[in-house]
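Comments concern the structure below.
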Amino acid sequence: MRDLSLVKETLRGHQIQLPSWAFGNSGTRFKVFAQEGVPRTPHEKIDDAAQVHAYTGVAPSIALHIPWDRVDDYAALARHAAGVGMRIGAVNANVFQDNDFRLGSVANPDPAVRRKAIDHLVQCVDIMDETGSRDLKLWFADGTNYPGQDNIRARQERIAGSLQIAYQRLGPGQRMLLEYKLFEPSFYTTDVPDWGTSLVHCLALGSQASVVVDTGHHAPGTNIEFIVALLLRAGRLGGFDFNSRFYADDDLMVGAADPFQLFRILFEVAQADGLGSEAGIAFMLDQCHNIEPKIPAQIRSVMNVQEATAKALLVDLDALTSAQQAGDVLGAHAVLMDAYSSDVRPLLAELREDMGLDPDPVAAYHRSGYQQKIVESRVGGVQASWGG
Ligand code: PSV
Ligand code: MN
């Protein structure tokens with residue numbers, strides 16, 4: 001059994017980053033269901049994220065998506081965040097929603113379009129400078145739909161060249177995080193489809209480039225914790241985009257579809273002492289809340305990550321190592337399952353009380369009256385939504 005005060009201390013330092021886009025309206029290509037009280041500006045998204053932090057105590061940063069969170073004065077936006085106890089997390093570049101990017105962005109065959117994409121990445125670094133953000137997070141929709149449509153190897157060459165230019169623009173404390181995704185919106189080839197491709201590019205770029213593992217971006221059955229272990233060993237696990245999937249890139253709440261998988265992933269991180277901020281792994285959420293209320297859904301998601309982390313920290317590592325070294329297959333498996341089967345909710349409730357928080361963050365949020373306040377006050381204007 002692990003020392004519980006140590007477990008609590010680690011959980012206190014394990015911070016989870018919120019995505020600005022989770023607070024806006026979202027949906028599928030079939031329907032976006034608008035909700036009352038949804039933010040109309042990036043400032044209001046930050047205000048909502050601050051609520052999640054207020055009740056969980058471990059979510060003090062919010063990732064931006066540019067241009068969805070475009071403002072005239074980014075320094076003022078960062079000051080607004082600081083005013084509500086938040087800071088700006090990763091700046092997510094968006095080079096997938098402009099007509100010019102029909103054939104790709106950084107891998108586009110047309111040098112002028114590539115230049116436009118690179119300029120956007122560089123502008124995102126400008127925004128990082130203005131907001132104090134450390135991470136430039138990149139996901140590219142680039143790829144092809146038909147065999148023969150473009151030259152696969154040439155596209156890799158173009159990506160490498162484009163990334164190099166953006167990488168050169170990074171300041172000393174800044175990082176480039178390169179996310180991968182199996183398919184969609186391209187269906188034949190995706191230019192950065194997997195961790196291996198991302199890692200190859202990161203290694204060529206330099207030590208400030210690392211891989212992002214979005215848990216929804218793999219083929220069914222993929223052993224994600226194996227990928228995590230490999231990247232940890234290579235020192236190139238830059239962060240996570242946490243969410244749940246049943247079928248493809250569903251973007252459901254983390255820990256909802258497969259809490260055991262989340263535990264297995266976080267166990268790899270915990271074993272590598274990767275939970276604290278000094279390890280440099282960004283634990284980001286990348287989710288949409290299409291039919292459920294957004295602020296409580298983000299609170300729930302943070303709690304789900306905490307529960308999986310707490311279980312991971314409860315694994316008796318001495319017993320596990322002894323069983324592993326003795327070749328005791330069932331014994332080793334039992335050690336892991338014992339930790340997974342523990343009910344960590346009382347421990348987390350205690351931790352929250354230690355932190356001066358309500359033991360039940362969702363109930364506390366509902367009691368606060370914030371939801372009614374935003375429903376009443378946020379009338380008029382244009383609600384933020386996916387893509388806007
Ligand atoms: C792409 O599917 C992705 O996971 C990337 O992280 C994007 O930036 C994000 O979703 C937002 O749609
Ligand atoms: Mn993602």
Side-chain angles (χ1 to χ4, degrees), residues 16-29 32 42 45 49 61-70 88-98 101 104-107 117 120-121 123-124 127-128 133 135-143 163 166 175-187 190-195 197-198 210-219 222 224 227-228 231 237-254 257 262 265 281-290 294 297-298 301 305 384-388:
I16 294 145
Q17 191 174 132
L18 310 173
S20 70
W21 52 102
F23 298 96
N25 284 321
S26 62
T28 64
R29 63 200 161 99
V32 172
K45 293 181 197 173
S61 62
I62 175 168
L64 302 181
H65 218 295
I66 307 297
W68 302 344
D69 295 316
R70 185 164 276 160
I88 304 300
V91 173
N92 287 251
N94 180 326
V95 281
F96 50 87
Q97 287 189 310
D98 189 294
F101 299 136
S105 61
V106 287
H120 177 74
L121 306 189
Q123 276 160 20
C124 286
I127 294 171
M128 289 161 64
S133 159
D135 295 335
L136 172 66
K137 183 149 148 289
L138 304 178
W139 171 72
F140 299 115
D142 291 54
L163 287 179
R175 312 191 301 173
M176 177 183 279
L177 303 182
L178 182 57
E179 185 175 346
Y180 59 88
K181 180 175 172 178
L182 178 66
F183 83 109
E184 197 203 20
S186 298
F187 296 115
T190 294
D191 292 315
V192 188
D194 53 28
W195 67 271
T197 311
S198 174
S210 283
V211 180
V212 170
V213 176
D214 183 314
T215 47
H217 288 185
H218 306 86
T222 300
I224 300 176
I227 297 170
V228 168
L231 292 174
L237 179 62
F240 289 96
D241 265 5
F242 281 132
N243 51 53
S244 284
R245 76 191 284 281
F246 287 102
Y247 301 102
D249 190 21
D250 305 337
D251 282 334
L252 298 173
M253 294 191 313
V254 59
L262 184 62
I265 291 171
I281 300 170
F283 297 89
M284 301 172 278
L285 304 180
D286 177 13
Q287 306 180 164
C288 295
H289 306 294
N290 300 348
K294 293 154 200 306
Q298 286 283 294
S301 303
V305 175
S385 82
W386 193 91

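Along the sequence shown, residues are numbered consecutively beginning with 1. Numbering of ligands and ligand atoms starts at 1, following listing order.
Here the straight-line distance linking atom CZ of Arg245 with atom CG of Asp214 works out to 10.0 Å at 0.5 Å rounding.
Using a 4.0 Å cutoff on heavy atoms, Glu184 does not count as a contact of ligand 1.
Residue-level proximity to ligand 1 for Asp241 is carried by the side chain, the only part with a heavy atom below 4.0 angstrom.
Of all atoms in ligand 1, listed by their number and element, those nearer than 4.0 Å to a heavy atom of Asp249 are 2 (O). Residue Lys137 has at least one heavy-atom neighbour below 4.0 Å for each of these atoms of ligand 1: 6 (O). Below 4.0 Å from some heavy atom of Lys181 lie the following atoms of ligand 1, by number and element: 2 (O). For ligand 1, the atoms closer than 4.0 angstrom to any heavy atom of Asp286 are 3 (C), 4 (O), 5 (C), 6 (O), 9 (C), 10 (O), 11 (C). Atoms of ligand 1 lying under 4.0 Å from any heavy atom of Asp214, numbered from 1 in the order shown and given with element: 4 (O).
One finds an angle of 160° at the Mn ion (ligand 2) between OD2 on Asp286 and OE2 on Glu179, to the nearest 10 degrees.
Shortest non-hydrogen contact noted between Gln287 and Val254 is OE1-N, 2.7 Å. When all heavy atoms of Asn25 and Val32 are compared, the pair lying nearest together is CB-CG1, 3.9 Å.
Gln17 places a side-chain N or O within donor-acceptor distance of the main-chain N or O of Ala90, the cut-off being under 3.5 Å. A distance-only check finds a donor-acceptor pair linking the side chain of Ser133 to the backbone of Gly89 [under 3.5 Å]. With hydrogens and angles ignored, the 3.5 Å screen pairs no side-chain donor or acceptor of His218 with any backbone N or O of Val213.
The protein heavy-atom contact nearest to atom 5 (C) of ligand 1 is Glu179 OE2, 3.4 Å. Nearest non-hydrogen protein atom to atom 7 (C) of ligand 1 is His65 NE2, 3.8 Å.
Of the polar atoms of Asp251, none of the N or O atoms is found under 3.5 Å from an N or O of ligand 1, judged by distance alone. Looking at His217 next to ligand 1, an N or O pair under 3.5 Å apart turns up.
Between atom 12 (O) of ligand 1 and the options Trp68, Phe140, Tyr180, the minimum heavy-atom separation is to Trp68.
For Asp241, the N, O or S atom closest to the Mn ion (ligand 2) goes by the atom name OD2. Sorting the N, O or S atoms of Asp214 by how far they are from the Mn ion (ligand 2) puts OD2 first.
The aromatic rings of Phe183 and Phe187 sit tilted, their planes meeting at an angle between 30° and 60°. Ring geometry for Phe96 against Trp68 counts as perpendicular: the plane angle is over 60°, on a 0 to 90° scale with 30° as the lower cut.
The side chain to side chain donor-acceptor pair (under 3.5 Å) test with His217 is passed by exactly one of Asp194, Asp286, Asp249: Asp249.
Separation of the Phe23 and His289 ring centroids does not fall under the 6.0 Å cut-off.
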